[in-house]
Amino acid sequence: MPNVTGRERALLDPAVVSRIGSLELIARTVVEGFFAGLHRSPFKGFSVEFSEYRSYLPGDDPSTIDWKLYAKSDRHYVKKFEEETNLECHLLLDVSASMGYGSQTVSKLRFGVCLAAALAYLMRRQRDAVGVTLFDDHVVDAVPAGTRSGQLRAVLASLDRAVPGARSDVKLPLHQLAARMNRRGLVVLISDLLDEPTGIIEGLKHLRFQGSEVLVLQTLDPAELTFPFEETARFEDLETADEVPVVPAQVRGHYLEQMRSVREQYRRDLRLAGVDYHQLDTATPLDTALMAYLSTRGRRW
Amino acid sequence: MFGVSFLVPAFLVGGLAALVPVVLHLRRRERLPRLPFSDVRFLRGAPVEQARRRRLREWLLLALRMLALLLLALAFARPFLSDTVSSSQTATVVLVDTSFSMSTPPQVARARALSLEAIETAPDGHLVGVVAFDEEARVVAELGTRAAAGAAVESVVPGVRGTRYATGLMAASTLLGAGGGRIVVVTDLQSGGWDAGQGHVSPGVDVAVSDVGTPAGNLAVLSIEPVPGATVAVLFRSGAVADEVTAELAVDGEVLAALALTPALGRAEVQFPVVLPDAGVATVSVTDGVGYEVDDRRYRLLDPPDPALVLLVADDDASPDEDAVFYLQRALAPGDGFGSFLPQAVRADALATRTELNQPDGEIGAIVLTGLRGLGRRGRERLAGYVRGGGGLLVVGGDGLEPALLNDLFEGDLDLGLGEPVTHAAPVALVSQAPRHPIVRGLGSVAGALGEARFRRTRPLVAGSGLVLARFGDGGPALVEHTVGAGRILVFGAGLGGEWSDFPRRVAFVPFLHETLRYLTSGESSPRASTVGDQPADAVSQPGVITRVDGQRRVVVNVDPRESDPSALTAEQFAAAIGTPSQVVERQGPDPPSTRESGPRLWRALLVLMLLVLVAEGLLARRMA
């Protein structure tokens, strides 16, 4: 885990980060704060490649000699190439109505947006091609993965426009993305996964079949994990507007059991499918998600 | 079968209180705060069985509370079981008029068709019954199937009696019972049918009318009256009849005269130049061809009336009123076998053995009491019982009467107020009073002749609660009428012997005595003529001559002349004559609550049941808390 100070940890706190107006600033703050705590991390130096020239030394691969520079300077320099990444990162952010739920200062959607922004920033810093897709029951907005100079800004602008939408249908964008991807890449799904697990898992398997690595970051609200309610109330579904009169004391046990069962199903089935699965809640510092990403990336590339 | 009715149905409104738990439930439900949540799938589907069980319990709890309130309202409404089928369900009764004003063939056919139509068009689910009525009502078909009612209608035929709507409506309403329903009256709407009084139906009963219609015209014979040298028949014509009809007068079947005539509208007299004989049955008949057949003939009995037996009671020894008895006998029976009375002198002690006295409606028409001595306890009891039972008694205040014995006759129930004899220095006359009284009215112009009589002695009379019919010239009551039980007592304040007055020798004496005794025997004399409706329903089926039980006396029976007038009401007028429900309740004199609720006390059972429900509700609520 990153060894972060109190100030750095504050920069990774979703509640603090979410109060920063600029999404780009948020991303930078998070990522820089994250890397500030990585000095003793085993990931030190990873993917930080600089192109440079040095004098040819015996033993160097002659193919690395920059002949153009030799023509100009008549001296042999070995060209240290920028590492040309062929990793295509796709961020899938669920913007369905249920993601708008937040029992505390940060909704699941805001948390997801911050997380996606930080990941995009991190990906660009690693010279990865990054794209983003916002979806609920259909694709709301999409920025294809790319490496051009304004790519990060385009991704962040797309994320900045995210608002809670309609019902979620996770499997649909998964299948669409799988059909569209022509290169193996990394897909990061940020969603509460409050949908039919079977369809979601099938979609993720589709991506895996295409050769992509998949990281699933299930984002939940602490209230969804603990069901802390006490008063009898009519619970209104944010997606369907259905209302259910509930006596919390009567349903808490069964609800938590159902939630645990679903999460366990995701954990089990996604592991079998080769998908990395992490569960986050909106009170979780964002470095956990970044660490999960780097762990996945580092394991495969 | 039983149905449930309510003694105080207004309390059923209290049943609306059962809605209170529902309203509270809904209002409380509305106040539940709304809480947005990401996904209620696990809430709705999570504790499925528990939620269902709890919801079931909540509904059960609500139902128990509503049931408790309903039971309370029902208990206060005081339900009781009524013994009619219809009390618990709606029914239709077809009320068919079978008076003889419904007897023309077109009316019979139409009445049958309308009755069957009423049966067929009865609302779905109705039980149907049939009641026939004229002057009496008969349930022809109890509430049941339409087929049974239709079959019963086929057997309904008009009779010879008059119309009494009130009787029919009462019977139909009774058949419907407390549950109410619908009455369809199949009738000709004859206006005379309401003469006997207003009709009433129970609350909740609707009355509809199916008009059969009236014949084009009718000609009826209303009466036969002998006049000097001739016989007059009174006819009544309504509507159009044949231009010329024949009226025949016959006696014992032998036609004595026949007249061709054109009757005028309304009442008309037809005079036959025939003097009726002293015995036999005279008949006048006409043929109108279009109207009711049964009123085309009328009967009159010519036989002399049977004399009424009058007991003349005197003392047991040499009566001081021997003259009185003599005068009485001569006045009441002027010749052998002639007259309306059959006087029989008896001694007072003989009354103890006259068992006929136990039958006030038996042979003895009246008793004239001139003396009491010798009348023992048994005789007094029989005489008092005779009077109380409806007999007539004339007390002649002669010498043979002792006021103390007389007042003892009715054991203090009645003081006849007869005093000791008083001799007048100047004889006093007799003056009639109460000119409308049957006795005085019967005397007619002879009443004035009473003043010719001179009374030297009289007995003072205290009328008390009695009615003074005549007074002496000094103003004292002379003839006072009392009633005791069902009987009549006339007290005359003087003797009839020669030493009292010259009254027996005056012209007014015989008429006075006859009218007095005719009045006393009026309830006793056998009827010589009657209408069909006066006879027991099973005794006379047709007008004509019947012979009474004794095998000697004959009685003629005619139809009710009011029924011969086919004047009809409109349906609105008919409906207006039916009392409103509130009147019905009062007029019919609803059974007192204790009687109507004489069955099982259902309200107690309901209260007990309510308590049990509340206990169950408490247990359930405690378990859910």
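All chains are named by letter (A, B, ...) in the order of the sequence lines, taking the proteins before the strands, and each is independently numbered beginning at 1.
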Please determine, among A/M259, A/E231, A/K108, A/E257, the option with the most heavy-atom pairs under 4.5 Å with chain B.
A/M259
CD of A/Q250 to CG of B/L43: how many Å apart, nearest 0.5 Å?
13.0 Å
Exercise: identify the closest heavy-atom pair between A/D237 and B/S38:
OD1-O, 3.6 Å
Interatomic spacing from CG in A/D242 to CG in B/D39 - rounded to 0.5 Å:
10.0 Å
Could you check which of A/F235, A/F227, A/F229 has the highest count of heavy-atom pairs closer than 4.5 Å to chain B?
A/F235
Just so I know, are the side chains of A/V262 and B/F42 near enough to count as touching, which here means a heavy-atom distance under 4.5 Å?
yes
